[in-house]
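Inspection log for the structure reproduced underneath, given as structure tokens.
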2 protein chains.
Amino acid sequence: MRQALLDAAVEIVRRDGAGALTLRAVARAARVSHMAPYHHFADKAALVAAVAREGFRGLRREMEARIERCPDDPRARFRESGIAYVAFAVKHPNLFRVMFGPETADTDANPELQAEARGVFGLMQRLLKQSQAGYAIREDDARQIGLTAWSLVHGLAMLCIDGQFGPEATSPAGAERLAYAATGALFRGLRR
Amino acid sequence: MRQALLDAAVEIVRRDGAGALTLRAVARAARVSHMAPYHHFADKAALVAAVAREGFRGLRREMEARIERCPDDPRARFRESGIAYVAFAVKHPNLFRVMFGPETADTDANPELQAEARGVFGLMQRLLKQSQAGYAIREDDARQIGLTAWSLVHGLAMLCIDGQFGPEATSPAGAERLAYAATGALFRGLRR
DNA sequence: ACCTGAACACCGTTCAAGT
DNA sequence: ACCTGAACACCGTTCAAGT
């Protein structure tokens with residue numbers, strides 16, 4: 001039952017956006033009374049957090065699937081994890097916005113959700129460390145470089161789905177092209 | 001009247017977040033009937049867009065104020081515009097979220113808002129070009145480098161206010177420190 | 001032109017019951 | 001333990017009036 005409600009919630013967000021996600025709509029989709037969801041989620045914030053959690057799991061899965069395509073090149077794996085991050089955002093923009101939206105951000109008191117988010121960053125961080133060990137990337141400060149890389153792909157993802165880069169950046173192909181260019185620029189640096 | 005309603009709306013967002021922004025609350029704050037706002041804004045989306053527009057103007061103002069502190073170093077000006085971007089986000093997190101939130105993103109049909117957003121990116125782009133002319137930054141492709149820089153500061157700003165970097169990154173001082181480190185890493189590159 | 005108040009369909013949430 | 005239905009205070013929005 002809980003899973004059915006959650007599936008319905010994810011489906012609603014995916015199709016109609018976070019604005020359409022209401023407890024009553026979820027209950028209707030699951031063909032139960034408008035009060036039934038309260039037996040499985042404390043309140044609306046808990047439902048939103050559960051949806052966001054599903055999103056983080058999906059993001060991580062896509063990142064892991066993508067880096068399997070290049071098992072032998074640590075730097076390519078690090079980079080591809082970032083490409084997958086951006087690709088996920090444009091493929092599931094509504095879900096991505098819920099994952100980093102204000103309703104989720106307020107939920108500081110949700111350790112499960114925080115753990116899932118941290119898992120994504122942790123994956124990137126591991127790939128970074130393997131690249132450093134492979135002498136492909138500077139060894140300054142792994143945490144600082146990791147935050148920089150995460151910020152770059154996160155900002156790119158957000159601006160893509162907000163349409164700030166134009167309509168071509170909202171397609172997976174266009175967004176991936178931008179992500180390759182941006183990660184390339186980060187690797188090389190702006191300095192001449 | 002319109003300005004009074006808009007001021008009230010910005011104040012509500014600033015204090016209680018986008019979730020508290022309702023037409024009726026704005027009307028109450030301005031001491032008019034709950035229908036009065038409709039004479040100045042077509043609907044709620046138009047009010048949200050107007051709030052976002054105010055935000056973009058404030059962001060641009062802070063960026064311009066900050067780069068005046070270093071009139072003679074093109075590269076420092078480019079960098080400081082990015083620092084100001086992140087600083088603005090942590091100083092006005094609720095406003096920043098409205099500027100790039102889903103309610104605003106849907107408003108593709110709002111040319112005034114798009115123009116304001118484009119103005120911010122345009123400012124960064126001009127500073128970048130002046131840095132290139134000053135031989136501080138590679139001349140590859142100005143637009144590509146501009147998108148990369150914008151993505152970096154935007155992602156950093158978003159992750160800071162989402163608390164993903166921990167509580168210390170939500171203070172202006174902490175966020176600026178991160179922004180200096182991240183922009184430095186972008187300038188130098190990750191490659192060893 | 002600008003403001004008002006009643007009305008409608010929606011929401012989240014509480015509460016008292018039902019099985 | 002799980003589900004239900006009535007009820008309450010809120011919303012956005014429409015409409016018919018008022019000045």
Side-chain angles (χ1 to χ4, degrees), chain A residues 1-54 94-95 97-99 101-110 113, chain B residues 1-54 94-95 97-99 101-110 113:
Chain A
M1 182 71 224
R2 191 191 132 95
Q3 192 57 43
L5 290 167
L6 186 50
D7 289 347
V10 170
E11 175 61 18
I12 287 170
V13 168
R14 218 183 267 284
R15 198 182 39 217
D16 301 321
L21 179 60
T22 68
L23 282 170
R24 291 169 105 110
V26 168
R28 275 194 299 271
R31 302 182 168 287
V32 290
S33 84
H34 70 268
M35 281 307 298
Y38 279 95
H39 290 280
H40 305 277
F41 302 95
D43 52 18
K44 189 188 174 182
L47 175 67
V48 172
V51 170
R53 191 160 174 268
E54 289 292 297
N94 292 337
L95 204 50
R97 266 195 271 264
V98 169
M99 290 159 60
E103 296 167 283
T104 308
D106 294 353
T107 317
D108 302 312
N110 193 325
L113 182 55
Chain B
M1 183 71 222
R2 191 193 132 95
Q3 192 57 43
L5 290 167
L6 186 49
D7 289 347
V10 170
E11 176 60 20
I12 287 170
V13 168
R14 218 183 267 284
R15 198 181 40 217
D16 300 321
L21 179 60
T22 68
L23 283 170
R24 291 168 105 109
V26 168
R28 274 194 300 271
R31 301 180 169 288
V32 290
S33 83
H34 70 269
M35 282 305 300
Y38 278 95
H39 290 280
H40 305 278
F41 301 95
D43 52 19
K44 189 186 174 183
L47 175 66
V48 172
V51 170
R53 189 158 175 270
E54 288 292 297
N94 292 337
L95 204 49
R97 265 195 271 264
V98 168
M99 290 159 61
E103 296 166 281
T104 308
D106 293 353
T107 316
D108 302 311
N110 193 325
L113 182 55

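Reminder, nothing fancy here: chain letters follow the sequence lines and each chain counts from 1.
For the side chain to side chain contact (heavy atoms under 4.5 Å, CB included) criterion with B:L5, the lone passing option out of B:M1, B:Q3, B:R2 is B:M1.
Of all the heavy atoms in A:H39 and A:M35, the pair that sits closest is CD2-O, 4.0 Å. The shortest heavy-atom contact between B:D43 and B:Y38 is CA-CE2, 4.2 Å.
Listed candidates were C:dC2, D:dT14, C:dT14. Nearest to the side chain of B:H39 is C:dC2. Closest to the side chain of A:L23, from the set D:dC11, C:dT13, C:dT4, is C:dT13. The side chain of B:A36 sits closest to C:dT4 out of C:dA7, D:dG12, C:dT4. Checked against D:dT13, D:dT4, C:dC3, the side chain of B:M1 finds its nearest nucleotide in C:dC3. Candidate nucleotides D:dT14, C:dC15, D:dG12 were compared by shortest atom distance to the side chain of B:T22, and D:dG12 ranks first.
Residue A:R2 is out of contact with every strand shown, counting any heavy-atom pair closer than 4.0 Å.
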- [ ] Just do the side chain to side chain contact (heavy atoms under 4.5 Å, CB included) check on B:V51 and B:E54 with the steps written out, would you?
- [x] CA-CA 5 Å; B:V51 170; B:E54 288 292 297; 5.6 Å; no
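Taking CG from B:N94 and CD1 from B:I12, the interatomic distance works out to 12.0 Å, rounded to the nearest 0.5 Å. Atom CG in B:L113 sits 9.0 Å away from atom CE in B:M99 (nearest 0.5 Å).
Look at A:R24 and you won't find any side-chain N or O under 4.0 angstrom from OP1 or OP2 of D:dG5. Under 4.0 angstrom from either OP1 or OP2 of D:dC3 there lies at least one side-chain N or O belonging to A:H40. Between B:R31 and C:dT4 there is no side-chain polar atom (N or O) within less than 4.0 angstrom of OP1 or OP2. For the pair A:S33 and D:dC3, the criterion of a side-chain N or O lying under 4.0 Å from OP1 or OP2 is not met.
With rounding to whole Å, B:H34 atom NE2 is found 9 Å from C:dA6 atom P. Here the C1' atom of nucleotide D:dT13 and the CE atom of B:M35 are 7 Å apart, to the nearest Å. Between A:K44 atom NZ and D:dC11 atom P there is a gap of 14 Å when expressed in whole angstrom units. At whole-Å resolution of the value, CG in B:L21 and P in D:dC11 are 11 Å apart. Remark: P of D:dT13 and CG of B:D43 are 5 Å apart, rounded to the nearest angstrom. When rounded to the nearest whole Å, the span between CZ of A:R28 and P of C:dA9 equals 14 Å. One can place CZ of A:F41 at 18 Å from C1' of C:dC11, the figure rounded to the nearest angstrom.
Counting non-hydrogen atoms of other residues, nucleotides and ligands closer than 6.0 Å to CZ of B:R15 gives a total above 12.
Counting only Watson-Crick and G-U wobble pairs whose two distances sit under 3.5 Å, DNA chain D takes part in these stems of three or more pairs: C:4-8 with D:12-16, C:12-16 with D:4-8.
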